[in-house]
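What follows is a short report on a single structure.
Position 1 is the first residue of the sequence; numbering continues from there.
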Amino acid sequence: MDEFLGIVGLFAFAIMAGAVCGIIAIAQLSNLKQEIAQLKAKVLSLELANNKLSHNEGADKNVDYSAAQHADTAQANSNEATFNQVSPNQPNQSNQPREQVKTPATSIKPPANISKRKHKLGGKNHTPSLFTSLFEKLRSDFEQNWMTWIGAIALALGGIFLAKYSLEAGLLSPTMRLTLGGLFGGGLIAAAAYMHYKNSVFEGFNNYIPAALATGGFITCFALTLLAYSSYSLISPLSAFVVLGVIAISASAMAIMLGPVLAVLGIIGAYCVPVLVNTGSNNLFALYMYIGFISLSAALVAHKVQRAWLWYLLWAGHLGWYIVGFTIANSSTIWLMGTYGLLSVIGLIAVPRLGLKLAVVETRPHSLKRLINALPSHPLMLACIVPLLIAMLFDSDNYLQWQIINALGILILLFLVIKNSRWDLWLGAALIIAALILLSTPSYYIDFSDSLFIFKHPYGSALFLGLALSAYGLYFGIKWAPKRLAFHITASFSVFIMIAILYAIIPNHALAAAYPLWAVILLISSAILIKCAMSGVTLFQRFSYWVGANANITLAITMLLNDSGLTIALAIQVLLISVLINRYRVPMPHWPIKALVAALLLRLTLSPWTPSYEALSVLGMHWSLVVYPLCVVLFYVAAKCFSASQLKVWLEGAALHCLALFITTETSYQLVGHYPQFGSLSFYEQALLTCNWLALGCVYLHRARIAGSLAKLYQVAGMALAGAAGITTLSTLLNANPFLSAIYIGEIIVFNWLFLLWLVPAGLVLWLYRLIKPLYTKVAPFILIVAGALSVLAINGFIRQYWQGPYIYISTGASNAELYSYSVIWLVLGAITVVLGHLKNQLLIQKIGLGVLAAVILKVFLVDMANLTGLLKALSFIGLGLSLVGLSWLFQKLRSRVKQA
């Protein structure tokens, strides 16, 4: 056995000696290549200089300068490669793996003709993305140092395999095996530290060899510790947990000397320790203490090494265990979860940006685009706060503790906004958290029989939060940062939002007790905002205060009304904002008004099918008789405030939509008695829906002609409504056709249900044909055929209703007088159609009229005269002949007039 071990040792020594020789040879080869590059650069510069003197004298100087510059660049790169070879006498100042020192861009400036040539060849100069640069950097490092890292991996695997072999062969006791393996790993780490300390690295390899040796040593120690815990059971779970943590932290600490790659090993290993070793205690406090300590260490390493992707590893590990903690949390660990989440906001965002003293770093205002792009602060803040909000909303048993934690989160956000103006959007997050705190309170917790409930939680807390946020915005917006719009918006709308939420969730029977207090608060707040608006410094400051004051007054008025009062109040708000923009010439972006209008239109569209609106009345009338016309007027007047703007088109479209909704809903309600129930539509509801949807679809398609960028949206909506009307019409023909079923259609001639069932849709389909023809030429003829079919059904239905009364189903038969009336009426209509076609010089209309006449003649011969005999039959043929001759004469007369004209 000793001989075998001796052979193995010699073999290992030979491999190591060969590896060292290979490394030396590679270094020497690299040296030779660099020297050759230098010589080539010098030769090239000399040749170019000679050519310039002998052949290109008096030529374009830019070209010569370009060639010489090329040679200088090659020389600089060669010198740069030589400079980067670290000599034993030259200390490593950065304590990091040395990389090639790139020549500053300002030291070599290419002439103008080179830039132009590059522009012609390459087009635009695109800046590479972060991931592309990172990938190129890793690829370059691997190409230059692949042998070093493969050697490190081989060392680590050698330690693992040696431990495994000793286990399988039973050569040594478990303790001795682990001891020898630990000595091997520790020896690699010690060798790496010694080489770094003495700076005895091979030429051309910088600090990569010590980092590779240390990586192999730490991986070996990791593997042996897990082996001692899982296979031998020599150490307890707690001991393994501690040892692995110490190894990971040591790797991270050593990464400060040896570079970022070792830091990756330390950070990943440290965060994986709780997964690799489960102590079984489920001690969340101990886990978070460990993760917090690891995150602090990793942050120091990442800050020292200066690599962005180390921060990504840190954030992923820290927040990943934060989320895992919620899966094992209970009522006793709520405060721990909240503390961990809020301290994460400070540790992960505030301290790296503001420093340990949390000093003010920036107070100047920023544009909305710049505020949105404040990365990675926003995602990290949401990752820390959102889990607490979700837990608050779903854990109703401990909601009060979660609410206190999130209230502390609001204080932290407000404090950090003061320190850095790049985080101004966090004021909106604080307002959202305040609203969720209010909404998370279970309704059974509130005693509405107590008249003082408006001062108790959650109503009193909501008022306090609204007033506190408003005061915060006023103070810092006026006294400290008048140009930061976020403070002014917070001051203007905090009270409005909190009371609006209270108004939305309070039961109707308790509103009488709360309304006086809320109205007083809203009116006082409005007065303060108006006063601030008069003395405002900036235009946006004054505008925000005016809008906030109007919103408070509108909400106070809304509380006197019912459910539709909020809709009216919001529509009034749209008008007031438009008037203020027009009056003060505020260059405000249009999207907030568009968003408000879109929300209003959605509310107005869904209201008829909302149960609370079914029997709602306003001012003693059905709500749709008041709300829809009023919104039409408000939107139309608001559109007049924008003379030439896309917003004018938007508001006019909103007014048109409200008008179409009014026609649709109110006609249905007045004629049927209720709004349509799509699951069980009656004959009358289907007739109304067909008319309403067709009218609305035509309105949208007509609007698309002047809608600008919204044209496509209007076209899609119009086609969808027309398609729905077509489906309803087909359903009526098949399942509720008055010609096939005994359906009551009314006793008044023409103005009965057939008028809405077929005649009105026929006219709307003709309008649809004119709108669609420029857009979809191939579809238009089919729509014209549908219009003709509906017209035929309507006219025949009217004739039959005149003879049969309110029921026109065919199975009752028809008298001779009814049959003759069809012929006479269609003969007149056909003649009128032909005449109209001649007058309009429209061949299509003429063909339709002639087709109608041909059908009438065929009917007369086959149906009307089939049962006639004697004198009646002779007189009928004579009358038909005279009519045809007279029509022929009339057509020729008209044709001759057209030719003369």
Side-chain angles (χ1 to χ4, degrees), residues 342 345-346 349-375 377-378 380-381 385 406-435 462-498 521-522 524-552 580 584 586-589 592:
L342 298 180
V345 175
I346 297 175
I349 307 174
V351 172
R353 179 65 177 170
L354 307 177
L356 291 175
K357 295 183 179 180
L358 300 180
V360 177
V361 298
E362 197 166 2
T363 59
R364 60 191 178 95
H366 298 280
S367 64
L368 179 61
K369 183 178 180 180
R370 183 172 173 82
L371 291 177
I372 293 175
N373 292 330
L375 301 176
S377 300
H378 295 342
L380 288 176
M381 184 273 292
I385 297 296
N406 283 289
L408 294 175
I410 293 176
L411 293 177
I412 292 176
L413 295 181
L414 297 180
F415 172 75
L416 294 179
V417 167
I418 300 174
K419 298 294 182 178
N420 189 356
S421 58
R422 289 294 303 277
W423 298 335
D424 278 357
L425 290 182
W426 290 7
L427 291 177
L431 193 55
I432 293 174
I433 295 173
L463 292 177
F464 172 77
L465 286 174
L467 293 172
L469 289 172
S470 181
Y472 169 90
L474 283 174
Y475 177 78
F476 288 100
I478 296 176
K479 300 293 185 181
W480 199 57
K483 293 185 179 181
R484 288 169 64 175
L485 186 60
F487 287 125
H488 306 312
I489 294 177
T490 303
S492 301
F493 295 100
S494 295
V495 173
F496 170 80
I497 290 176
M498 298 308 295
I521 293 175
L522 287 171
I524 293 176
S525 177
S526 298
I528 295 174
L529 292 175
I530 292 173
K531 179 66 177 177
C532 295
M534 293 179 178
S535 58
V537 177
T538 65
L539 183 61
F540 275 109
Q541 179 184 359
R542 297 195 300 271
F543 179 78
S544 300
Y545 291 154
W546 274 113
V547 173
N550 290 326
N552 290 337
L580 288 173
Y584 292 102
V586 181
M588 180 180 176

Open item on the list: Restricting to non-hydrogen atoms, name the atom on T363 and the atom on V360 that form the minimum distance, rounded to 0.1 Å.
Closed with: CG2-CG1, 3.6 Å

- [ ] Would you give the length of the straight line joining atom CD1 of I410 to atom CG of L342, rounded to the nearest 0.5 angstrom?
- [x] 11.0 Å

TODO: Under the ring pair (Phe, Tyr, Trp, His ring centres under 6.0 Å) rule, collect the residues that match up with F487, sequence neighbours excluded.
DONE: Y472, F476

Open item on the list: Can you tell me how far apart CG (L474) and NZ (K479) are? Round to the nearest 0.5 Å.
Closed with: 10.5 Å

Open item on the list: Walk me through whether M498 and L467 qualify under side chain to side chain contact (heavy atoms under 4.5 Å, CB included).
Closed with: CA-CA 9 Å; M498 298 308 295; L467 293 172; over 6 Å; no

Open item on the list: Counting only heavy atoms not in K419 (residues, nucleotides, ligands), do more than 12 fall under 6.0 Å from its NZ?
Closed with: yes

Task: Residue pair L416 / I349, side-chain heavy-atom distance below 4.5 Å - done: no

Which atom pairs, donor and acceptor, lie under 3.5 Å between side-chain atoms of residues 423-435 and protein residues at least two apart or in another chain?
from : atom 1 : to   : atom 2 : distance (Å)
W423 : NE1    : S377 : OG     : 3.1
D424 : OD1    : R484 : NE     : 3.4
D424 : OD1    : R484 : NH2    : 2.4
D424 : OD2    : R484 : NE     : 3.1
W426 : NE1    : H378 : ND1    : 3.0

Open item on the list: Any heavy-atom pair between the side chains of L522 and V495 that's under 4.5 Å?
Closed with: yes

- [ ] Taking the side chain as every heavy atom from C-beta outward, state whether L413 and M381 have any atom pair closer than 4.5 Å.
- [x] yes

- [ ] Among residues two or more places apart or on two chains, list those pairs meeting salt bridge (charged side-chain N to carboxylate O under 4.0 Å, His left out) that have a residue in residues 361-375.
- [x] R353-E362, E362-R364

Open item on the list: Suppose we screen for side chain to side chain donor-acceptor pair (under 3.5 Å). Which residues come up paired with T490, at least two apart in sequence or across chains?
Closed with: none

Task: Main-chain N/O of F540 paired with S544 side-chain donor or acceptor, under 3.5 Å - done: yes

TODO: Any chance you could measure I497, atom CD1, to L469, atom CG, to the nearest 0.5 Å?
DONE: 9.5 Å

- [ ] Report the distance from atom CG of L368 to atom CG of N373, rounding to the nearest 0.5 Å.
- [x] 9.5 Å

Task: Which atom of H488 lies closest to which atom of I478, heavy atoms considered - done: CE1-N, 4.4 Å

Open item on the list: I need the minimum non-hydrogen distance between A549 and S526, along with the two atoms involved.
Closed with: O-OG, 3.2 Å

- [ ] State, to 0.1 Å, how close G473 and A491 come at their nearest heavy-atom pair, and which atoms those are.
- [x] C-CB, 3.7 Å

Task: Y545 side chain near I528 side chain, heavy-atom distance below 4.5 Å - done: no

Task: Listed partners of N552 passing side chain to side chain donor-acceptor pair (under 3.5 Å), at least two apart - done: S525

Task: Between CG on residue L485 and CG on residue L371, distance to nearest 0.5 Å - done: 9.5 Å

Task: Enclosure of L356 CG (heavy-atom neighbours >12, cutoff 6.0 Å) - done: no

TODO: Would you mind listing every salt bridge (charged side-chain N to carboxylate O under 4.0 Å, His left out) that reaches into residues 530-544, with sequence neighbours excluded?
DONE: none

Open item on the list: If I take atom CD1 from residue I521 and atom CG from residue L463, how far apart are they, to the nearest 0.5 angstrom?
Closed with: 4.5 Å

